[in-house]
S.K.: 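Quick one: this structure, given as structure tokens, is what I'll be asking you about.
Computed from a predicted model, the values in this text were never measured in an experiment.
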Amino acid sequence: PGALDAFETSLEIGKNSIFGGAVDTSIVFNAGLAAYNGKMWDKANRYFAQAKDLSYGGTNVYQLMNTVYLNQGDTAKAESIMKEGIAAYPDDHSILLGLLQYFLNTGKDKEAMLYLATAKEKEPDNKVLWYVEGLLYDRSNAPDKALAAYKKAIELDTLYFDPYYNSGILLYNRAVALNNDANQIMDNAKYNQAKKKADEVFASSIPYFEKAVEILGSQELDPGGDPYKTYTNSLENLKILYYRLKMPEKRKGVIQKLDELNK
């Protein structure tokens, strides 16, 4: 609030004819930042809008206004200002990614997929975009397309944890569904055939969980953070998989790691 008062005073002084009445765009923007940091949302957007009209602040202005609108609960304006920013700065992908993240957070998967296509045209080798495509296909129940997108993300960065983990989860869940279907079969020969298929899919998920454990295991993880939880979940899944597929030595190693984490 103190900084905002100072900036507003400067703006008032700047209006004096002795200074030619010129508007100092940097002060307008900084007034918006002061209001933003003080959670004075109405004033923040008033100054950001003024800075935007003065062509000051670039894509940051649109992203900051988006955050303000979200804090005010106005999702329609939050979405609108990001689209306006994309139109104003078509060659700057950062605001496009911001809108994409907004669509993901709000469950607007169709809109996300539409803008994702535009983003991929600008950055075809962006691993995150391929991962997001996999995530969207995963959420829309198109597992094969999801796996293909995750695979491309991994090809672009072999140490990219997220697509490994998601691929493992996707295949694991597919195997669980196949196993449940097998358990409904009364014919013994058909049951064995269906169970074998389920086990093959269970086995296909193992390398992904193993790689996820390898990547996260090489990092220092905060026990209260999501990566730590994902790491332990991966180990728990491997413990189940190794037991199911009769891999006792590997299961023993996983149990040892879990015991060490629980000390």
Side-chain angles (χ1 to χ4, degrees), residues 32-33 35-49 51-53 57-154 156-157 160-170 173 224-230 233:
L33 282 179
Y36 177 90
N37 289 325
K39 294 182 171 53
M40 294 172 279
W41 305 125
D42 288 337
K43 280 197 171 186
N45 249 358
R46 189 205 320 161
Y47 287 116
F48 286 146
K52 174 174 68 71
D53 292 341
T59 59
N60 286 339
V61 170
Y62 295 91
Q63 292 169 327
L64 288 164
M65 291 180 74
N66 168 264
T67 303
V68 171
Y69 283 132
L70 290 176
N71 276 287
Q72 291 177 319
D74 194 335
T75 56
K77 285 186 178 179
E79 181 178 327
S80 177
I81 196 64
M82 293 294 274
K83 290 179 178 177
E84 183 183 334
I86 290 171
Y89 295 91
D91 296 326
D92 190 316
H93 73 276
S94 63
I95 195 164
L96 177 60
L97 294 178
L99 181 61
L100 185 58
Q101 186 63 56
Y102 165 77
F103 284 139
L104 289 173
N105 292 342
T106 53
K108 295 185 176 183
D109 290 0
K110 289 183 179 179
E111 291 89 341
M113 191 64 84
L114 178 65
Y115 279 88
L116 178 64
T118 302
K120 283 176 62 185
E121 287 177 5
K122 296 177 183 294
E123 293 187 85
D125 293 330
N126 186 322
K127 65 180 182 181
V128 176
L129 297 179
W130 285 98
Y131 167 70
V132 170
E133 181 176 284
L135 189 66
L136 289 170
Y137 279 130
D138 203 343
R139 293 195 331 196
S140 62
N141 197 28
D144 291 335
K145 289 183 177 181
L147 285 171
Y150 289 147
K151 181 180 179 182
K152 179 63 178 179
I154 290 170
L156 291 168
D157 183 354
Y160 188 16
F161 161 78
D162 295 286
Y164 283 110
Y165 181 73
N166 279 31
S167 294
I169 291 293
L170 192 156
N173 289 339
D226 288 337
Y228 182 88
K229 295 176 185 176
T230 304
N233 286 343

S.K.: For Tyr164, enumerate each residue passing the ring-ring contact (aromatic ring centres under 6.0 Å, His included) test, keeping only those at least two apart in sequence or located in another chain.
M.R.: none
S.K.: Calculate, to the nearest 0.5 Å, the distance between atoms CZ and CD1 belonging to Phe161 and Ile154 respectively.
M.R.: 11.0 Å
S.K.: In the structure I gave you, are the side-chain heavy atoms of Leu99 and Ile95 within less than 4.5 Å of one another anywhere?
M.R.: no
S.K.: Could I get the full list of side-chain contact (heavy atoms from CB on, under 4.5 Å) partners for Asn233, not counting sequence neighbours?
M.R.: Tyr165
S.K.: Check side-chain contact (heavy atoms from CB on, under 4.5 Å) between Ser80 and all other residues, then give those that pass, not counting sequence neighbours.
M.R.: none
S.K.: Which residues pass the side-chain contact (heavy atoms from CB on, under 4.5 Å) test with Asp109, not counting sequence neighbours?
M.R.: Leu136, Arg139
S.K.: If you take all heavy atoms of Ala112 and Leu104, which pair is closest and at what distance?
M.R.: CB-CD2, 4.4 Å
S.K.: Sequence neighbours left out, what passes side chain to side chain donor-acceptor pair (under 3.5 Å) with Asp42? Give chain and number order.
M.R.: Gln72
S.K.: Are Thr67 and Asn71 close enough that some pair of their side-chain heavy atoms sits under 4.5 Å apart?
M.R.: yes
S.K.: Step by step, would you call Lys108 with Glu79 a salt bridge (Lys or Arg N to Asp or Glu O under 4.0 Å)?
M.R.: CA-CA 11 Å; Lys108 295 185 176 183; Glu79 181 178 327; 2.7 Å; yes
S.K.: When rounded to the nearest 0.5 angstrom, what is the spacing between CG in Asn66 and OG1 in Thr75?
M.R.: 10.5 Å
S.K.: Kindly give the heavy-atom pair with the smallest separation between Val61 and Ala51, and that separation in Å.
M.R.: CG2-CB, 4.4 Å
S.K.: Would you mind reporting whether Tyr160 and Val128 have side-chain heavy atoms less than 4.5 Å apart?
M.R.: yes
S.K.: Could you work out, with ring-ring contact (aromatic ring centres under 6.0 Å, His included) as the rule, every residue matching Tyr150, not counting sequence neighbours?
M.R.: Tyr131
S.K.: Of all heavy-atom pairs between Val68 and Ala44, which one has the smallest distance, and what is that distance?
M.R.: CG2-CB, 4.2 Å
S.K.: Using the test salt bridge (charged side-chain N to carboxylate O under 4.0 Å, His left out), find all partners of Lys77 that sit at least two apart in sequence or belong to another chain.
M.R.: none
S.K.: Taking side-chain contact (heavy atoms from CB on, under 4.5 Å) as the test, write out the residues that go with Glu84, two or more places apart.
M.R.: Lys52, Tyr62, Ile81
S.K.: Could you pull out the closest heavy-atom pair between Pro143 and Leu170, with the gap in Å?
M.R.: CB-CD2, 3.6 Å
S.K.: Could you list the residues that satisfy salt bridge (charged side-chain N to carboxylate O under 4.0 Å, His left out) with Asp74, not counting sequence neighbours?
M.R.: none
S.K.: Between Leu129 and Leu116, what is the shortest heavy-atom contact and its length?
M.R.: O-CD1, 3.6 Å
S.K.: Under the ring-ring contact (aromatic ring centres under 6.0 Å, His included) rule, collect the residues that match up with Tyr36, sequence neighbours excluded.
M.R.: Trp41
S.K.: Mind checking whether Ile86 and Met82 have side chains closer than 4.5 Å, heavy atoms only?
M.R.: no
S.K.: Can you list the steps and then say if Met40 with Tyr47 is a side-chain contact (heavy atoms from CB on, under 4.5 Å)?
M.R.: CA-CA 11 Å; Met40 294 172 279; Tyr47 287 116; over 6 Å; no
S.K.: For Ala146 and Gly134, which heavy atoms make the closest approach, and how far apart are they?
M.R.: CB-O, 3.3 Å
S.K.: Tyr137: which residues meet the ring-ring contact (aromatic ring centres under 6.0 Å, His included) condition with it, sequence neighbours left out?
M.R.: none
S.K.: To the nearest 0.5 Å, what is the distance between CG (Asp138) and CG (Leu147)?
M.R.: 8.0 Å
S.K.: Considering residues at least two apart in sequence or located in another chain, which fulfil the side chain to side chain donor-acceptor pair (under 3.5 Å) criterion with Asn105?
M.R.: Gln101
S.K.: When you compare the side chain of Trp130 with that of Lys120, does any pair of heavy atoms fall below 4.5 Å?
M.R.: yes
S.K.: Are the side chains of Phe103 and Leu114 in touch, meaning some heavy atoms are under 4.5 Å apart?
M.R.: no
S.K.: So with a 6.0 Å cut-off around NZ of Lys151, is the heavy-atom count from everything else above 12?
M.R.: no
